Amino acid sequence: MSALAVATGSVNLGQGFPDADGPPSVIAAAVEALRGGRNQYAPGPGVPALRQAVARHQHRHYGLDLDPDSQVVVTTGCTEAVAAALLGLVDPGDEVVVLEPYYDSYVAMLQMVGAVRRPVTLRAPDFRLDPAELRAAVTDRTRFVLLNSPHNPTGTVLTSAELSAVADVALEHDLVVITDEVYEHLTFDGHAHVPLATLPGMAERTLTLSSAGKSYSFTGWKVGWATGPPALVSAVLAAKQWLTFTSGSPLQPAVARALDDEPDFPRTLAADLQQRRDLLCAGLTKAGLTPRVPEGTYFATTDVAHLGWEDAHTFCLALPERAGVVAIPAQVFYDDADAGRHLVRWAFCKDASVIEDGVRRLAESDLTR
Ligand SMILES: Cc1ncc(COP(=O)(O)O)c(C=O)c1O
């Protein structure tokens with residue numbers, strides 16, 4: 001869809017990357033590291049300064065106590081953390097309960113490890129987690145839950161009650177939970193992100209994944225991490241050894257500086273992003289595409305069935321020509337094609353001027369089939 005946006009000169013409200021970079025002081029720290037000879041392999045688990053900064057971050061925000069040497073591993077973005085977690089922990093045939101719609105790398109990696117995915121669908125229009133559906137997805141072959149909150153693409157931030165339902169099921173069935181928290185700081189309207197690892201009994205069975213990409217607007221740096229009990233973290237490290245081994249030597253100390261010295265950046269970013277969310281949601285509503293207002297992340301979702309489209313894929317393919325805008329058909333994130341057939345994902349992590357241009361184009365176009 002990004003290629004289509006370039007080819008057609010459309011406003012790209014599809015792919016989720018910000019138009020503005022993160023803090024200049026962090027870029028300066030990366031330059032300093034590049035010039036200062038930090039250009040050879042970093043240690044496999046990550047540079048100590050970053051592992052320590054991640055441990056401090058988890059303590060400062062969530063009260064979690066982690067040993068930086070045995071409970072933190074640095075990865076090539078959260079994407080590698082997901083891959084290494086699944087490769088390191090899941091055996092072929094294991095069932096993994098996973099929230100649907102999925103972040104796309106989950107499906108690919110679950111297929112690569114030979115896992116059986118057991119979806120629990122967050123259903124339109126409110127995209128809440130139904131504890132009964134969660135329970136029904138668990139069988140005697142289930143070993144893991146793969147969670148994502150704040151959730152891409154729906155923008156749902158799981159509530160304490162929803163997280164408690166996950167914890168109850170995990171404790172009852174002796175499951176390990178792998179939780180992708182890349183949007184941990186990008187929540188709105190007071191919807192606070194609560195890491196599953198903070199719930200009673202869950203620190204022992206939760207592998208938490210995150211990265212600097214979203215929190216600090218450095219999506220291209222691909223510096224992420226996994227934290228949790230030593231046994232789970234060492235499984236990630238064992239798989240990662242044969243994926244990248246290590247990456248981003250000069251970027252790792254810079255991200256350590258971000259976490260330690262720019263602790264307020266993500267909060268400021270979230271406040272700013274909330275305004276851009278409002279801009280997009282108001283513009284979509286004006287164009288006849290009333291969205292579900294997201295509680296977090298970069299994305300809002302709308303339904304296009306009432307405009308006469310048989311599916312959102314056809315709508316998104318027609319959109320560049322109709323309106324000069326690109327968006328993503330959400331059905332690509334579903335196994336249950338019916339649940340996602342008419343849904344479109346729109347990104348608001350763009351400059352306000354880009355969003356304004358996009359929604360103006362939508363309002364001026366005929367979007368009916
Ligand atoms: C839910 C989710 N997990 C993981 C990632 C990838 O994170 P990273 O860029 O740190 O690899 C993304 C990026 O879009 C995401 O939305």
Side-chain angles (χ1 to χ4, degrees), residues 1-2 12-19 21-22 26 46 50 54 57 72-87 96 98-110 117 119 122 127 129 145-158 177-187 193 195-196 207-227 236 239-240 243-244 246-248 251-252 254-255 258-259 266 269-270 273 277 294-301 327-328 330 332-334 345-350:
M1 284 302 182
S2 287
N12 189 353
L13 299 181
Q15 200 180 359
F17 59 88
D19 285 333
D21 286 344
V26 178
L50 178 53
V54 169
H57 171 275
V72 182
V73 59
V74 176
T75 56
T76 305
C78 183
T79 307
E80 190 192 36
V82 169
L86 297 180
L87 285 164
V96 180
V98 50
L99 299 187
E100 179 188 54
Y102 316 112
Y103 175 59
D104 47 11
S105 86
Y106 301 168
V107 176
M109 285 315 305
L110 288 168
R117 58 180 184 277
L122 306 180
F127 300 111
L129 174 63
V145 179
L146 176 53
L147 208 65
N148 170 218
S149 179
H151 182 261
N152 172 9
T154 65
T156 289
V157 177
L158 293 181
V177 185
I178 301 164
T179 153
D180 174 345
E181 304 186 356
V182 287
Y183 296 100
E184 60 188 311
H185 295 300
L186 303 187
T187 62
H193 165 67
L196 191 74
L207 183 69
T208 305
L209 317 180
S210 194
S211 88
K214 318 291 178 187
S215 299
Y216 284 92
S217 296
F218 288 125
T219 60
W221 283 20
K222 299 294 277 187
V223 177
W225 46 85
T227 59
V236 173
K240 179 194 138 61
L243 292 171
T244 56
T246 179
S247 65
L251 302 179
Q252 291 191 27
V255 171
L259 295 177
L269 173 63
L273 203 54
R277 174 203 67 172
E295 299 161 349
T297 77
Y298 282 173
F299 308 108
T301 299
I328 303 277
V332 299
F333 306 124
Y334 287 80
R345 190 192 81 175
W346 310 83
F348 53 83
C349 52
K350 307 292 174 184

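Order of listing sets the numbers, starting from 1, for every ligand and every atom in it. For clarity, every value in this text was computed on a predicted model and none was experimentally measured.
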Nearest protein heavy atom to [atom], by residue and atom, and its distance?
atom	result
atom 11 (O) of ligand 1	Thr79 OG1, 2.5 Å
atom 8 (P) of ligand 1	Cys78 N, 3.4 Å
atom 15 (C) of ligand 1	Tyr103 CE1, 3.5 Å

Glu295: partners by salt bridge (charged side-chain N to carboxylate O under 4.0 Å, His left out), with sequence neighbours left out: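 For Glu295, the residues satisfying salt bridge (charged side-chain N to carboxylate O under 4.0 Å, His left out) (neighbours in sequence not counted) are Arg128, Arg292.
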
Flag side-chain contact, heavy atom, 4.5 Å: Cys349 against Leu273: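 The answer is yes, as the side chains (C-beta and beyond) meet within the 4.5 Å cut-off.
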
Could you tell me whether the side chain of Thr75 reaches within less than 4.5 Å of the side chain of Leu209, counting heavy atoms only?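 No; the side chains remain at least 4.5 Å from each other.
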
Under the salt bridge (charged side-chain N to carboxylate O under 4.0 Å, His left out) rule, what pairs show up with a residue in residues 212-221, not counting sequence neighbours?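 Not a single pair qualifies under salt bridge (charged side-chain N to carboxylate O under 4.0 Å, His left out).
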
Side chain, backbone, both or neither: [X] near ligand 1, heavy atoms under 4.0 Å:
X	answer
Ser211	side chain
Asn148	side chain
Lys222	side chain
His151	neither

Side chain of [X], backbone of [Y]: donor and acceptor closer than 3.5 Å?
X	Y	value
His151	Thr297	no
Arg345	Ala300	no
Gln15	Ile328	no
Asn148	Pro150	yes

Given Val223, Asp180, Thr219, Thr297, identify the one with the heavy atom nearest to atom 3 (N) of ligand 1.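 Considering heavy atoms of Val223, Asp180, Thr219, Thr297, the nearest to atom 3 (N) of ligand 1 sits in Asp180.
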
Non-hydrogen atoms of Tyr183 versus ligand 1: any pair closer than 4.0 Å?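 A heavy atom of Tyr183 does come that close to ligand 1.
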
Under a heavy-atom criterion of less than 4.0 Å, does Gly77 contact ligand 1?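 Per 4.0 Å heavy-atom rule, Gly77 contacts ligand 1.
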
Is the closest N or O pair between Lys214 and ligand 1 shorter than 3.5 Å?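 Such a contact does occur with ligand 1.
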
Check: Thr76 N/O within less than 3.5 Å of ligand 1 N/O: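 N/O-N/O distance under 3.5 Å: no.
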
